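As C-alpha cells, the structure follows; a few thoughts come after it.
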Amino acid sequence: MTTGELLLGAALCLVLGAALGPWFPRLWLALLLAAATGALGAALPMLAGAGPPEWEWRSAFAVGGEPVHLRLDSLSALFLVIVSFVGGASAVYSSEYWSDDTRPVSAPAGRLWMSSMLVAMGLVLVASNGLHFLIAWELFTVSAYFLITLERESRAARSAGWLYLAASHGGAVLLLGFFAAIAARTGSWDLGPMRDHRDLAPLFWLALFGFGVKGGVFPVHVWLPSAHANAPSHVSALMSGVAINMGIYGMMRFSGWLPVPAAAGWAVLGLGAAGALLGIALAFLQSDLKRLLAYCTVENVGIILIGFGGALVGVSHGDAPWGRLALAGALLHVWNHSLFKSLLFFGAGSVLHATGKREMSQLGGLWRSMPWTAGLFALGAVAVSGLPPLNGFVSEWLVYLGLFDAAASRGSAAWMLMPAAIVMGMSGALALATFVKAGATVFLGAGRSKAADDGRECGMRMLGPMFALGSACLAVGLAPVLFWPAISRSIEAWRPEWAVSEAPAPIITLGWVQAALAAVACVAVAWLWRKRARNGLRRAPTWGCAYSAPTARMQYTGGSFSGIVASWVPRISGFSRILRRPRGPFPSGATWIEEFPDTVLSYAIEPMAAIVLRVSAATRRLQHGRLQFYVVYLLSGLAVVAILVWIGVKQ
Amino acid sequence: MIIALESAVRLAVWLLLAPLLPGVINKVKAWVAGRRGPPVLQLYFDLARLWRKSVVMSTLASPGFVAGPAIAWVALAGAAMLMPLGPAGGAISFKGDVLLLVYLLALARFCTAWAALETGSAFGGMGAAREVSFAVLSEVALITAVLALSVQTGNITLSEMLSLSVGSGAMLLAAGLFGVLLAENCRVPFDDPNTHLELTMVHEAMVLDHSGPPFAVILHGASIKLLLFAVLLSQVVLPVGKLSPLAGTATLAGAVLAVTVCVGLVESLTARMAFRRVPLILTASFLLCLFALLLALKGGA
Amino acid sequence: MGSTMNLLIGLAMGLNLLALGSGRLSAIIRATAVQGVVLGVMPLLLEYTFDWMVALVALVTVAVKGFVIPSLLRRAMRAAKIQREEEPLIGFVPSLLLGAGGTIAAIAGARMLPLLPEHAGTLLVPGSMASILTGLILLIGRVKAISQVCGYLILENGIYLFGLLLIHSTPLLVESGILLDLTVGVFVIGIIVDRIQRAFDSLDTRKLTVLRE
C-alpha cells in the first residue's frame with residue numbers, strides 16, 4: 001500500500017473508532033491499533049529510507065474555502081511515529097485502567113475524545129495549509145481538554161482543565177496571528193519551505209510562544225503540572241509523551257520552513273536552560289508522584305530546546321557541524337522522552353490504580369505486591385535520569401557533544417553554549433536525585449499506609465504497554481545506530497544542507513560500549529546473586545539503632561529526602577513552610593508542611609489574571625438587567641455609529 | 001587478541017591497585033598522629049574476609065539490594081577502563097568518552113543510593129539524600145572542569161584532553177578537582193570515613209545495612225572511584241601522556257601517590273565541617289574550575 | 001614585572017572571594033591582612049627604578065594594613081568575645097557567587113574601558129573594581145561590625161589599586177594620598193572599634209539602631 005492509502009486507512013479507522021467507540025470498547029481498541037499500525041507503516045519506511053522521502057497530496061476539494069493540501073516528510077514522520085506508538089500503548093493501557101466496569105460514564109467519553117485527539121494530532125502533522133493546521137490544532141486542544149477533565153467529580157481536575165484551556169487559547173491567539181501574517185505576506189494560506197521571504201523572520205517569536213504554550217516551554221508551562229497531574233494516567237502519558245511534542249514539532253517545522261531572526265538561537269537556548277534547571281528543581285521538591293513527573297517534563301522540554309537552540313545558533317554561525325549534533329540530540333530526545341515519560345506515567349497510574357494514592361509520603365514497599373511495575377518504573381527512572389546504558393543518555397550525550405564541540409572551537413558561540421552545558425550537568429544530577437527519591441519512596445522500604453500494604457499487581461493490558469515502552473527504551477540505548485537513519489533524515493528535512501547519510505563513528509562505538517556494559521552488568525548481578533546464596537543468607541528486620549519499636553513512619557520520606565535541596569531554595573520563590581513543634585513533656589502532635597508552588601504561576605500569571613478578572617467584573621456592572629438602561633445603550637451606540645459615519649462622509 | 005589481553009591486564013591493574021589507596025591514606029593519618037596504624041594492605045584483608053562471609057538482608061529489601069552494588073561496581077570499573085593511563089591511553093577511546101565517564105559515575109551513585117533506600121532505614125535515607133544532594137554541586141564542578149579541559153585542548157576525547165597540561169589554569173583546575181575528589185569520595189572535610197556516629201555520616205550511612213560479598217563489592221568500588229579521581233587529577237596537572245612509557249608510568253604512579261598523601265594530610269589536619277557549610281566549599285570548587293575555564297578561553301583568544 | 005603584578009592582583013582577587021566565603025571573623029581579618037600586604041608591595045613593582053620614598057610608603061602600607069589594623073581588629077574580637085558571623089544578611093554561597101560574578105564582569109568590563117596601553121594588559125583595573133564590589137557586598141551583607149570594617153578595608157584596597165594607575169604621572173600625590181588614607185583609616189577604625197566596644201560590649205551593628213534618633 002502507498003503512504004497515502006495507509007494514512008487514509010488510519011484516519012478512517014480513527015474516525016470510525018470515535019463514532020462507534022463509546023458503545024463497542026473491543027472494536028474501538030482494534031480500530032485504534034489498526035490505525036496506529038497504519039500510521040507506523042506510513043512513517044517508518046520513510047524514516048528508514050525505504051520509501052519516498054516525502055509524500056504530498058493536493059486536492060481541489062476545499063475545506064473552509066481552502067483546497068486540501070497534505071504533506072508528510074521525515075520530520076513530521078518522526079513525530080507521527082511517536083503519536084502512533086504511544087497512542088496505541090495508551091489505548092491498550094486505558095482499556096484496563098479506565099474500563100467500563102469501573103467508570104461506566106467517563107470511559108465511553110474517554111474513547112471518543114482519545115480517538116479525536118489522535119486524529120487531530122495526525123492532521124496537525126500532515127496539514128500543509130495554515131487554516132487547516134489551525135482547525136486541527138483547535139480540535140486537538142479541545143479533545144485534550146475533555147480528556148483531562150474525564151474525572152469530572154474531581155475539583156482539581158476541573159480547575160486544571162480550565163487552566164489548560166485558557167493557556168492553550170492564549171497560545172492559539174498567537175498562532176492565529178502567526179498563520180494570518182504568513183497568509184497576508186505570501187498571499188496564500190498554503191505552507192511549505194519559504195526561506196527566501198526574509199521579511200517573515202520576526203514571526204518566529206509568535207511561533208515560539210504560540211507553540212511554546214503547548215510544548216511546556218518555560219515560562220509558559222504554568223498549565224502543565226496541574227493538567228498532567230490531575231488527568232487520568234493514560235491521558236497524562238499521552239499529554240506528556242505526545243501532546244507536548246506537537247508544540248516542539250511546530251517550532252521545528254516553522255523554523256525549518258521560514259527564515260529565523262538572528263537572536264532566535266539564543267532565546268531558545270536561554271528558555272531551554274531555564275526550563276531544564278527550574279523544571280527539575282521543582283520536580284525534586286514535589287511530593288505528589290504525578291506532579292513530580294509533570295515538572296520533569298518541563299525539564300526534558302528544556303533539554304530538547306537546548307539542543308534545538310544549539311542547532312539554531314549553529315545555523316547562524318555558518319552551518320557549524322556542532323549544530324547538527326545538537327539537533328540530532330534534540331530530535332532523539334523527543335523520541336526518548338516520549339518513551340520513558342509515558343512509561344513512568346503508566347507506572348504512576350498502576351500505583352494509583354492499586355492504592356488510590358498519588359502522595360508519595362503515603363506509599364512505600366510496593367515492590368513486593370507489584371514487582372513488574374516496580375522493575376519497569378526503575379528502568380524508566382534510570383532512563384529519565386540520562387544514565388547509561390539506556391536511551392536518555394544517548395540523546396543527552398549527543399546534545400552535550402554539540403555543546404562541547406562548540407566550546408572547544410572557542411568561537412563567539414562558546415560563551416553562550418558553555419553555560420547551557422553546565423546547566424545540563426546540574427539538571428542531570430538533580431534528575432538523578434529526583435528519580436531516586438520517586439522510585440525509592442514509592443516502591444522500596446515498608447508501606448507507609450494501609451493502602452500501600454494492600455497493593456496488587458495490575459493486569460496484562462496495563463503491563464503490556466509498559467513492557468513495550470521499556471523495551472523501546474532499552475533498544476534505543478543499546479543500539480542507537482539503528483535509529484540514526486530516522487534522525488539524519490529528519491535533520492535533512494529540517495535543513496537540507498545538513499544531510500549526512502552514515503552515522504558518526506562515536507555513536508557506533510557508544511552503542512557497543514553500552515551493550516557491553518549492560519551485558520557485563522547482567523553477569524555481575526547474577527554472579528553476586530549466586531554468591532550471596534552460596535555464602536548463606538539470613539533475613540532479619542532492618543537495623544533500627546537498637547530502637548525496639550520501629551514503625552514504617554520512621555523511614556525517610558520524599559520530603560525529608562529533598563530537604564537539603566529545599567533549604568537552598570531562596571525565599572523569593574514563594575514557598576511556604578508551616579512548622580508546629582512538639583511541645584511539653586507529653587506532646588500531642590506536630591506539623592511540618594512544606595509547599596512549593598509554581599513561582600511563575602503565582603507571581604506572574606495569577607496577578608495578571610486577577611487584573612483581567614477585575615476589569616471584567618467592572619464591565620459586568622453594565623449588565624444589570626434593567627430594560628430602560630438597555631434602550632439607552634442602544635441609543636448611544638446608534639449615536640456613536642452615526643457620528644462615525646458623519647465624520648467618514650466629511651473626509 | 002592483543003587488544004583483549006591488553007584490556008585484561010589494564011583491568012587487573014585497576015582492580016588490584018585500587019584498594020591500596022585507602023591503606024596509604026590511613027597510614028599517612030597514623031603517621032601524622034604518631035601511631036603505627038593498620039597495615040597498608042588492610043583493605044585487601046577486609047575484602048577477602050567479607051567475600052567469604054554470609055549475608056544478612058533486611059526483610060524489606062528487594063533484589064535491587066544486591067543488584068545495586070553489582071551494577072555500581074560495573075559502572076565504576078567501566079569508567080576506569082575509559083580513563084587513559086599516561087602514555088598507554090585508554091582501553092576504548094572515542095569522541096565524547098569523557099561524558100560517558102561522568103555519567104557512569106552518576107550511574108554508580110544512582111545504584112548505591114537506590115540500594116541504600118531498600119531497607120527502609122532512616123540512616124540509609126539520610127546518607128542517600130546527602131549523597132545525591134551534594135552531588136548536584138560536585139557534578140557542576142566536574143562538568144565545568146571537563147569543559148575547561150576541552151576548551152584548552154580543543155578536543156573532547158579523554159586521551160587527547162589529558163595529554164597536554166592545562167597551562168596557567170592547571171593549578172586552579174587541580175584545586176577545584178581536588179575539592180570534587182574529596183566530596184565525591186566522601187573524605188574529610190565533607191564526610192568522615194572513620195566516624196561511628198550514624199547521624200553525621202554520608203557514604204557510610206548509605207552502606208550501613210550491607211554485609212558480606214555485596215559490601216565487599218561496594219568497598220572495592222569506592223576504592224576504584226578514589227583511584228580514578230587521583231589518576232584524573234594527576235593527568236590534569238602533569239603532561240604524563242607526552243613522556244616515554246617508563247617515565248610516564250613512574251610519574252603517574254608518583255603523582256597518584258602524592259595525591260593520596262595529600263588526602264591523608266588533609267584528613268589529619270582538618271576537621272569535618274558542618275553540613276550546611278558543604279555547599280560553600282563545593283561552590284568554591286566550582287568557582288575554581290570556572291576561573292580555569294575562563295582562563296582557558298582567554299588563553300586561546 | 002607585569003606577570004608578577006598580575007599574579008599578585010590575582011591573589012588579591014582570590015582573597016576577596018575567601019573573605020566573602022568565610023564565616024570565621026579571624027579568617028576574614030587574615031584575608032584582609034594578607035591582601036593588604038600583597039597590595040602594599042605593588043608600588044615597588046610599578047616603579048622602574050628603586051626610590052626611597054616609594055619604598056617607605058610601601059613599608060608603611062604593609063605594616064599598617066598587614067599588621068597594625070588586623071591586630072586592632074583581633075583585639076576587639078577577643079574583647080567582645082565573638083568568633084564568627086552567624087546569620088549574614090546575604091548568605092555565604094550567594095555572596096560568594098555574587099563576588100565571582102562581579103569579578104568576571106569586572107574583567108570583561110575592563111576591556112571596554114579606554115585605558116592606557118601600558119595598563120590594558122594588567123589586572124589593575126579589574127582587580128580594583130572586584131575589590132570595591134567585594135567590599136560593598138561585605139558592607140551590605142554582614143551584620144558584625146568587624147566584618148563590616150574588613151569590608152571597608154577591602155573597598156579601600158580597591159580604591160588604592162585604582163590610584164596606582166596614576167603613580168607614574170603624579171607620583172608624589174599618589175604616595176601622599178596613600179599615607180593620608182592610611183592615617184585616616186587607622187583613626188576611623190580605632191575610634192569605631194573603641195566606641196562600639198565601650199558602649200555595647202558587643203559588635204553587632206544591628207544593636208546600633210537604637211542610636212537612630
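Naming convention: chains lettered A, B, ... in sequence-line order (proteins, then strands); numbering from 1 in each chain. Source: prediction; values computed, not measured.
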Paired with B/V132, the side chain to side chain contact (heavy atoms under 4.5 Å, CB included) test is passed by just one of A/L430, A/L432, A/V565, namely A/L432
Identify the residues of residues 363-370 of chain A whose heavy atoms come closer than 4.5 Å to a heavy atom of chain B, ordered by number, or report 'none'.
A/W367, A/R368
Tell me whether the centres of the aromatic rings in B/W51 and A/W527 are closer together than 6.0 Å.
yes
Within the 3.5 Å criterion, strictly below it, is a donor on B/S58 or A/T542 matched to an acceptor on the partner's side chain?
yes
By a 4.5 Å heavy-atom criterion (distance strictly below it), what part of B/L147 contacts chain A: side chain, backbone, both, or neither?
both
Between B/Y103 and A/W397, does the ring centroid distance fall short of 6.0 Å?
no
Hey, are the side chains of A/V525 and B/V66 touching, using non-hydrogen atoms and a 4.5 Å cut-off?
no
If the condition is side chain to side chain donor-acceptor pair (under 3.5 Å), which residues does B/R10 pass it with, not counting sequence neighbours?
B/E6
Can you tell me which portion of B/F275 sits under 4.5 Å from chain A's heavy atoms? Options are side chain, backbone, both or neither.
neither
At their closest point, which heavy atom of B/S62 faces which heavy atom of A/L444, and how far apart are they?
OG-CD2, 4.2 Å
Check whether any side-chain heavy atom of A/N535 lies under 4.5 Å from a side-chain heavy atom of B/P213, and answer yes or no.
yes
Max heavy-atom pairs within cutoff under 4.5 Å with chain A, candidates B/G212, B/S138, B/A128, B/A141, goes to B/A128
Which atom of B/S150 lies closest to which atom of A/A408, heavy atoms considered:
O-CB, 3.7 Å
So which residue, A/F435, A/F284, A/F393, A/W512, ends up with the most heavy-atom pairs under 4.5 Å with chain B?
A/F393
Applying a strict 4.5 Å limit to non-hydrogen atoms, the region of A/M418 in contact with chain B is both
Atom group of A/I508 that falls short of 4.5 Å from chain B, counting heavy atoms
neither
Measure B/L137 against the heavy atoms of chain A and call it side chain, backbone, both or neither at under 4.5 Å.
side chain
Tell me, out of A/A533, A/A540, A/A407, A/A440, who's got the most heavy-atom pairs with chain B below 4.5 Å.
A/A540
Which atom of A/Q555 lies closest to which atom of B/G120, heavy atoms considered
CG-O, 3.0 Å
Determine the minimum heavy-atom distance between A/Y556 and B/A129, stating which atoms define it.
CE2-CB, 3.8 Å
CH2 of B/W114 to NZ of A/K437, rounded to nearest 0.5 Å, is 14.0 Å
Based on non-hydrogen pairs under 4.5 Å, which of B/L290, B/V140, B/I156 is most in contact with chain A?
B/I156
Heavy-atom distances under 4.5 Å only: say whether B/F65 touches chain A with side chain, backbone, both or neither.
neither
Between B/F110 and A/A381, which heavy-atom pair has the shortest distance, and what is it?
CZ-CB, 4.1 Å
Could you tell me which residues satisfy ring-ring contact (aromatic ring centres under 6.0 Å, His included) with A/F443, sequence neighbours excluded, listed by chain and number?
A/F377
Answer with side chain, backbone, both or neither: which region of B/P279 has an atom nearer than 4.5 Å to a non-hydrogen atom of chain A?
side chain
Short question: side chain of A/R539, backbone of B/L60 - any donor-acceptor pair under 3.5 Å?
no
Would you mind checking which part of B/A135 comes under 4.5 Å of any heavy atom in chain A, side chain (CB onward), backbone (N, CA, C, O), both or neither?
backbone
Hey, does A/L528 have a side-chain heavy atom less than 4.5 Å from the side chain of B/W73?
no
Please flag which part of B/M81 lies under 4.5 Å from any non-hydrogen atom of chain A: side chain, backbone, both or neither.
neither
Less than 4.5 Å to any heavy atom of chain B: does that hold for the side chain of A/V382, its backbone, both, or neither?
both
Taking C-beta and beyond as the side chain, do B/V55 and A/R538 meet within less than 4.5 Å on heavy atoms?
no
With only heavy atoms counted, which part of B/A116 is less than 4.5 Å from chain A, the side chain, the backbone, both or neither?
neither
Considering only heavy atoms and a distance below 4.5 Å, find which of A/G563, A/A521, A/G375, A/S560 pairs most often with chain B.
A/A521
Counting only non-hydrogen atoms closer than 4.5 Å, does B/N155 touch chain A with its backbone (N, CA, C, O), its side chain (CB onward), both, or neither?
backbone
Quick one: salt bridge (Lys or Arg N to Asp or Glu O under 4.0 Å) pairs with a partner in residues 128-144 of chain B, sequence neighbours left out?
B/R109-B/E139
What distance separates B/L117 CG from A/T441 OG1, expressed to the nearest 0.5 Å?
7.0 Å
Against chain A, label B/V146 side chain, backbone, both or neither, depending on which of its atoms sit under 4.5 Å from a heavy atom there.
both
Kindly indicate whether the side chain of A/W543, heavy atoms from C-beta on, has any atom under 4.5 Å from the side chain of B/S121.
no
With no hydrogens and no angle check, is any side-chain donor or acceptor of A/R410 less than 3.5 Å from a backbone partner on B/V151?
yes
B/L100 versus chain A, the contacting section by heavy-atom distance below 4.5 Å
both
Which atoms of B/L208 come close to chain A, meaning under 4.5 Å heavy atom to heavy atom: side chain ones, backbone ones, both, or neither?
side chain
Atom of A/L517, atom of B/G78 and distance for their closest heavy-atom approach
CD2-CA, 4.4 Å
